[in-house]
Amino acid sequence: MRRIVIPTALGLLLGLVLAACGGNASSAGDQAETPAVSTDRAQAIAQNMLIAYNSGDYQAFSRDWSSPVKLVVGERAFQRFRDENLPATGPFKAITSVTPVAGQQNADHASYQVHATFQKRESVVFTITLSAHSAKVEGLEFNSQS
């Protein structure tokens, strides 16, 4: 069975950007807090990114990203990621759920776990972290699933 290839460097670099922005700040009450950015907004951003993944349109894929994330993941990295993964995943079909990540909601950031289906993969999971101030993507992590 062919496994989806996720560039480790992509995840690490985006994690560093998020950490630099203070994305890990949390308090004991974070789990009960209302997300700083709505789930509907997170779903719209994820939907846009996945449609752009299908077409290979970097400008559309990165439309909702903050400037630091765009600096870390440029068009070449996106194209390499797509070229490596599209044969394994097939085109994006649908988002099945978008849920706030417990303990990662605060006044500055909101993280969401996105579950999506693809032609060749029943479940692909990734996490996006959005700035509460700009509603821009400040972190992006693709999770490998067997």
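- Listed for the Q105 side chain is a donor-acceptor partner under 3.5 Å among the backbone atoms of S111.
- Q79 meets the side chain to side chain contact (heavy atoms under 4.5 Å, CB included) test with E75, R82, D83; sequence neighbours excluded.
- Here the side chains of L50 and F126 are in contact, with some heavy-atom distance below 4.5 Å.
- Between V137 and S66 the shortest side-chain heavy-atom distance does not fall below 4.5 Å.
- Counted by atom type alone, E138 and H109 present one or more donor-acceptor pairs between their side chains at under 3.5 Å.
- Residue I51 is grouped with residue V114 when hydrophobic side chains (ILVMFWY) are merged at heavy-atom distances under 4.5 angstrom, including chains of intermediate members.
- A donor-acceptor pair is defined here as one N or O able to donate and one able to accept, closer than 3.5 Å; such a pair exists between the side chain of N85 and the backbone of F81.
- V125 and V101 are not part of a single hydrophobic cluster, where members link through side-chain heavy atoms under 4.5 Å apart.
- Evaluation of the side chain to side chain contact (heavy atoms under 4.5 Å, CB included) rule for S134 yields S131, K136 as partners, not counting sequence neighbours.
- Nearest heavy-atom pair across A42 and I128 is O-CD1, 3.7 Å.
- Shown here for A107 and A132, the closest heavy-atom pair between the two residues is O-CB, 3.2 Å.
- Closest approach of N106 and D108 over heavy atoms only: OD1-N, 2.7 Å.
- Within the structure, the salt bridge (charged side-chain N to carboxylate O under 4.0 Å, His left out) test picks out the following pairs touching residues 40-68 (sequence neighbours left out): R41-D64.
- Taking CZ of R121 as the reference point, atom OG1 of T89 lies at 8.0 Å (rounded to 0.5 Å).
- Remark: F118 engages Y53, F92 in a ring pair (Phe, Tyr, Trp, His ring centres under 6.0 Å) (not counting sequence neighbours).
- With sequence neighbours excluded, the residues forming a ring pair (Phe, Tyr, Trp, His ring centres under 6.0 Å) with F78 are Y58, F61, listed by chain and number.
- Summarising the geometry, atom NE2 belonging to H115 is positioned 13.0 Å from atom CD belonging to E122; distances are rounded to the nearest 0.5 Å.
- Using a 4.5 Å heavy-atom cutoff, the side chains of T99 and T39 are not in contact.
- For K93, the side chain to side chain contact (heavy atoms under 4.5 Å, CB included) test picks out T117, Q119, with sequence neighbours left out.
- Rounded to the nearest 0.5 Å, atoms CH2 (W65) and CE (M49) are 5.5 Å apart.
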